[in-house]
Amino acid sequence: MTYILPPLNALRAFEAAARHLSFKLAAHELHVTPAAVGQQVKALEARLGVRLFERLHKQLVLTEAGQAYLPEISGGFRRIANATEKLKPVGAVLLQLGVHGSFDLRRLELAEFRASHTEIGLRVLQPAGLHELVEGKVDVLIARGLGHHPGYRCDRVTEGSGVGDWLIAPAGTADCPEISSFRDWLRDQTAENALPLHRRRLVGIVRS
């Protein structure tokens with residue numbers, strides 16, 4: 001059976017905006033800009049041929065169609081999330097890695113990491129930010145920004161100064177075996193000088 005579905009990102013944008021009745025709050029949750037959420041919702045409405053929101057002055061209101069659509073879409077996402085939660089990656093210890101939305105996961109060579117660290121079950125959440133790290137939804141985070149967060153160990157992933165990619169973990173668990181293994185994996189990739197020139201590398205340790 002072939003499922004005819006709208007783009008997943010557009011559905012996520014609608015569902016988040018409908019729950020919050022705010023493009024701004026939905027954008028914060030999805031780690032994108034409010035304009036991006038608005039564009040995704042507009043594209044979804046155009047695809048469906050149905051208006052889902054009334055855009056009033058400083059207020060977002062669900063139309064009758066939007067009210068009917070929201071619980072069905074939320075329920076679908078909930079079932080997918082529950083089914084995913086029941087799946088356990090192979091490995092004695094689960095490591096949940098958060099990654100910011102613009103990071104190219106191909107840089108991490110995750111298949112090779114899993115093959116060489118069979119004791120670690122690695123799961124990736126993208127997009128993710130400090131909010132997910134603070135709430136414990138991820139154990140370690142690759143974040144975009146300045147790596148200075150009290151109570152967290154911050155290792156720079158990209159070269160240079162200023163804004164860049166940082167590997168961030170709570171100070172209390174930053175040296176646990178699975179996080180240390182992942183940090184060493186990134187450092188070893190650099191040491192071997194095997195990455196293409198367009199890939200950024202972990203350079204040294206910079207702690208906040």
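All residue numbers in this chain count up from 1 along the given sequence.
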Could you tell me the separation between the [atom1] atom of [X] and the [atom2] atom of [Y], rounded to the nearest 0.5 Å?
X      : Y      : atom1 : atom2 : value
His117 : Leu95  : NE2   : CG    : 10.5 Å
Leu8   : Gln40  : CG    : CD    : 9.5 Å
Leu62  : Arg19  : CG    : CZ    : 12.0 Å
Leu97  : Phe182 : CG    : CZ    : 4.5 Å
Glu54  : Gln59  : CD    : CD    : 10.5 Å
Asn9   : Leu44  : CG    : CG    : 11.5 Å

Is there a continuous path of hydrophobic side-chain contacts, each under 4.5 Å between heavy atoms, that joins [X] to [Y]?
X      : Y      : value
Trp166 : Val134 : yes
Val99  : Val32  : no
Phe77  : Leu48  : yes
Phe23  : Leu25  : no
Leu141 : Val93  : no

Residue pair Ala26 / Ala17: nearest heavy atoms and the distance that separates them: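 Residues Ala26 and Ala17, closest heavy atoms: CB-N, 3.5 Å.
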Taking every non-hydrogen atom, the tightest pair across Pro127 and Arg12: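 Closest approach of Pro127 to Arg12, heavy atoms only: CD-NH1, 4.1 Å.
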[X] side chain near [Y] side chain, heavy-atom distance below 4.5 Å:
X      : Y      : value
His149 : Leu133 : no
Leu94  : Arg123 : yes
Val50  : Glu45  : no
Arg153 : Asp175 : yes
Arg47  : Pro7   : yes
Leu108 : Val124 : no

Remaining members of Leu56's ILVMFWY cluster at a side-chain heavy-atom cut-off under 4.5 Å?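 Answer for Leu56: Val61.
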Has [X] got a side-chain atom pairing as donor or acceptor with [Y]'s backbone, closer than 3.5 angstrom?
X      : Y      : result
Glu132 : Gly129 : yes
Glu15  : Ser74  : no
Arg114 : Leu122 : yes
Thr33  : Ala36  : yes

Mind checking what makes ring-ring contact (aromatic ring centres under 6.0 Å, His included) contact with His100, not counting sequence neighbours?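 Per chain and number, His100 pairs via ring-ring contact (aromatic ring centres under 6.0 Å, His included) with Phe103.
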Got a sec, which residues hit side-chain contact (heavy atoms from CB on, under 4.5 Å) with Ser116, two or more places apart in sequence or on another chain?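 For Ser116 the side-chain contact (heavy atoms from CB on, under 4.5 Å) partners, ignoring immediate neighbours, are Trp185.
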Can you confirm whether more than 12 heavy atoms, excluding those of Glu135, are under 6.0 Å from its CD atom?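 Check passes, neighbour count above 12.
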Working note: Ile168 + Leu130, criterion side-chain contact (heavy atoms from CB on, under 4.5 Å); need CA distance, chi angles, decisive distance, verdict. CA-CA 9 Å; Ile168 303 175; Leu130 284 173; 4.3 Å; yes
